[in-house]
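Please read these numbers as outputs of a predicted model, since none were measured by experiment.
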Amino acid sequence: MEVRGGREWHVQPIAAAQALKPYRCPGCGGVVEEGVAHVVVWRADGVLGDQADLDARRHWHAHCWRVA
């Protein structure tokens with residue numbers, strides 16, 4: 001878990017072998033291509049409920065998340 005901007009976030013690394021489809025990175029707007037290691041990030045505060053937080057998770061380039 002990480003804290004950013006006063007909020008807690010779950011950050012789950014995804015290995016290249018597990019990256020089975022492309023995603024849009026919210027950090028740069030580019031595509032996290034299939035086969036590229038990256039991170040999945042979602043809120044950990046449960047304000048909207050755990051399921052809502054999971055449903056709102058996003059796939060980020062690892063670099064984009066580090067500099068966000």
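- The backbone N or O of Pro26 sits nowhere less than 3.5 Å from a side-chain atom of His61 that would complete a donor-acceptor pair.
- Sorted by first and then second residue, the side-chain hydrogen bond (donor to acceptor under 3.5 Å, both in side chains) pairs with a member in residues 2-22 read Glu2-Arg4, Glu2-Trp65; sequence neighbours excluded.
- Applying the 4.5 Å side-chain rule to ILVMFWY residues, one finds Ile14, Val40, Trp42 in the same cluster as Leu54.
- Taking every heavy atom of both residues into account, Gly27 and Trp60 meet most closely at CA-CZ3, 3.4 Å.
- Scanning for ring pair (Phe, Tyr, Trp, His ring centres under 6.0 Å) contacts around His63 gives an empty result, with sequence neighbours left out.
- Hydrophobic cluster of Met1: no remaining members, since no ILVMFWY side chain lies below 4.5 Å from it.
- Residue Ala17 comes nearest to Leu20 through the heavy atom pair O-CD2, 3.6 Å, listed as atom of the first residue, atom of the second, then distance.
- Remark: His59 engages Tyr23, His38 in a ring pair (Phe, Tyr, Trp, His ring centres under 6.0 Å) (not counting sequence neighbours).
- Contacts classified as salt bridge (Lys or Arg N to Asp or Glu O under 4.0 Å) and involving residues 48-68 (residues at least two apart or in different chains) are not found.
- The shortest heavy-atom contact between Val31 and Pro22 is CG1-CB, 3.8 Å.
- Shown here are the side chain to side chain contact (heavy atoms under 4.5 Å, CB included) partners of Val36, two or more places apart in sequence or in another chain: Glu33.
- Heavy atoms only, all atoms of each residue included: Ala16 and Gly35 are closest at CB-O, 3.1 Å.
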